[in-house]
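Reviewing the structure listed below.
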Amino acid sequence: MSPAASDTTSTPRKRRAFLWRGLQVVVTLCAFAYLYATVDRAALLRAASAVSAGTFLLCIAMGYLSYAVAVVRWRLLLRAFAAPAAPPLQRLAKYYLIGAFYNTYLPGGVGGDVMRGLASRDAFGPEGVTSALAVVLVERVMGMSALLLLMAAATFVDPLPGLAAPWLFASIGLFASSSAVLGLMLARRVATVMPAPLSGWLVRLPVPVNFGSLLAALPLSVACQVFPALAGHALIAELSAAAHPMDSLVIIPFATSAAFLPFTLSGAGVREAIFVRLYALVGVPGSAALAASLGLWLSQAIVAASGGVWSLLRPVNDGRDEA
């Protein structure tokens with residue numbers, strides 16, 4: 001294809017990308033405009049200044065702990081899918097933090113997952129890109145499933161007014177995770193009846209062989225969701241006594257899942273609006289909920305930023321880590 005033809009083809013794509021980014025900015029600004037109109041700004045400043053340094057540092061520590069557990073989960077899933085050359089934990093930790101940097105600072109919250117799949121492709125050999133990306137996808141689905149299971153369990157113990165029955169969250173979570181695993185188990189069989197291009201892709205997908213490691217990854221996924229929820233509750237508890245820890249185990253995972261929404265800038269604005277709306281159901285003032293949400297996001301952004309620093313000091317393509 002000539003350079004002129006390439007430029008002609010890329011122009012509509014650039015236009016669509018520009019329009020999509022504009023939509024993300026509009027949605028984010030609308031969410032913050034709603035918060036600006038409904039929250040007492042003076043009370044928000046008082047609430048933000050009331051957060052102690054110790055509590056904020058605890059949130060940062062919880063963030064690192066959550067990522068550490070997630071790295072172990074990733075290693076277990078590589079073992080579950082029989083990766084012949086799984087990277088050591090230290091290198092996986094590097095990939096995970098750098099991926100967190102991309103997921104936090106880029107819209108959509110999935111760019112870091114693609115990077116992790118590409119960086120870890122050698123775990124499955126020279127042609128292991130598809131398998132590595134599939135494992136990252138399973139890990140992501142398992143994380144979302146654990147989020148829903150955590151919300152279901154907390155809602156069952158301490159129902160939150162206005163939310164659906166806990167069985168709905170649990171059913172969606174179990175269906176999502178089991179569908180991802182079952183799809184990979186059946187991919188090679190389905191490949192025999194698919195057209196050639198799709199068939200060639202399906203036969204490269206990994207098949208789970210170690211179900212013990214697969215099952216062990218599920219409680220670790222729940223732990224990954226518990227630590228940020230506890231960190232957020234520590235912020236809420238310092239600003240208001242109205243919320244119970246079980247309330248936070250429902251509200252915070254639900255709110256932080258906004259980062260997965262493609263039409264926001266990493267969930268900004270929408271996440272804070274959910275915080276304010278749901279914590280109002282249990283009597284937490286909007287100013288306290290918004291201050292806690294922003295504080296939790298800032299602590300997570302600091303943790304993710306360390307991945308960006310790590311990438312600068314030792315890039316992923318430093319010779320050993322090709323991507």
Solution key, residues 299-313 side-chain donor-acceptor pairs under 3.5 Å, sequence neighbours excluded:
residue: S299; atom: OG; partner: L296; partner atom: O; Å: 2.7
residue: S306; atom: OG; partner: Y64; partner atom: OH; Å: 3.1
residue: S306; atom: OG; partner: V303; partner atom: O; Å: 2.4

For H244, check side chain to side chain donor-acceptor pair (under 3.5 Å) against everything at least two apart and list the hits. none
Give me each pair satisfying side chain to side chain donor-acceptor pair (under 3.5 Å) with a member in residues 210-223, each pair once, sequence neighbours excluded. R73-S221, N210-S213
By side chain to side chain contact (heavy atoms under 4.5 Å, CB included), which residues pair with R46, not counting sequence neighbours? A42, A43
Kindly say whether L45 contributes a backbone atom to a donor-acceptor pair with the side chain of S49 at under 3.5 angstrom? yes
Rounding to 0.5 Å, atoms OG (S248) and CG (L278) come to a distance of 11.0 Å
Can you list the other members of the hydrophobic cluster that holds V26, where links are side-chain heavy atoms under 4.5 angstrom apart? none
Is there a path of hydrophobic side-chain contacts, each under 4.5 Å between heavy atoms, that joins V129 and V207? no
Heavy atoms only: give me the nearest C59-A231 pair and the separation to one decimal. SG-O, 3.4 Å
If I take atom CH2 from residue W74 and atom CD from residue E139, how far apart are they, to the nearest 0.5 angstrom? 7.0 Å
If you compare all heavy atoms of V209 against all heavy atoms of A82, which two are closest, and at what distance to 0.1 Å? CG2-CB, 3.4 Å
What residues, two or more places apart in sequence or in another chain, satisfy side chain to side chain contact (heavy atoms under 4.5 Å, CB included) together with L218? M142, L149
Partner set under ring pair (Phe, Tyr, Trp, His ring centres under 6.0 Å) for F101, not counting sequence neighbours: Y105
Can a donor-acceptor pair be found, under 3.5 Å and without considering hydrogens, that links the side chain of T256 to the backbone of P253? yes
Rounded to the nearest 0.5 Å, how far does CD1 of I274 lie from CD1 of I252? 12.5 Å
So how far is it from M151 CE to I251 CD1, rounded to the nearest 0.5 Å? 9.5 Å
Say you draw a straight line from CD of Q225 to CE of M144; how long is it, rounded to the nearest 0.5 Å? 8.0 Å
With a 4.5 Å limit on heavy-atom distance, are the side chains of V138 and F81 in contact? yes
So which residues get pulled into L215's cluster when ILVMFWY side chains under 4.5 Å apart are joined, directly or through others? none
Members besides L58 in its Ile/Leu/Val/Met/Phe/Trp/Tyr cluster (side-chain heavy atoms under 4.5 Å): M62, L65, V69, V72, L76, L150, V157, L220, V222, V226, F227, L230, M246, L249
Return the set of residues passing side chain to side chain donor-acceptor pair (under 3.5 Å) with T38 (not counting sequence neighbours), or none when no residue passes. none
Taking atom CZ of R75 and atom CG of L78, what is their separation to the nearest 0.5 Å? 7.0 Å
Test: ring pair (Phe, Tyr, Trp, His ring centres under 6.0 Å). Region: residues 276-296. Which pairs qualify, not counting sequence neighbours? F275-Y279
Looking only at atom types and distance, does a side-chain atom of S240 sit under 3.5 Å from a main-chain N or O of I236, one as donor and one as acceptor? no
In the structure I gave you, are the side-chain heavy atoms of I98 and K94 within less than 4.5 Å of one another anywhere? yes
F56: partners by ring pair (Phe, Tyr, Trp, His ring centres under 6.0 Å), with sequence neighbours left out: none
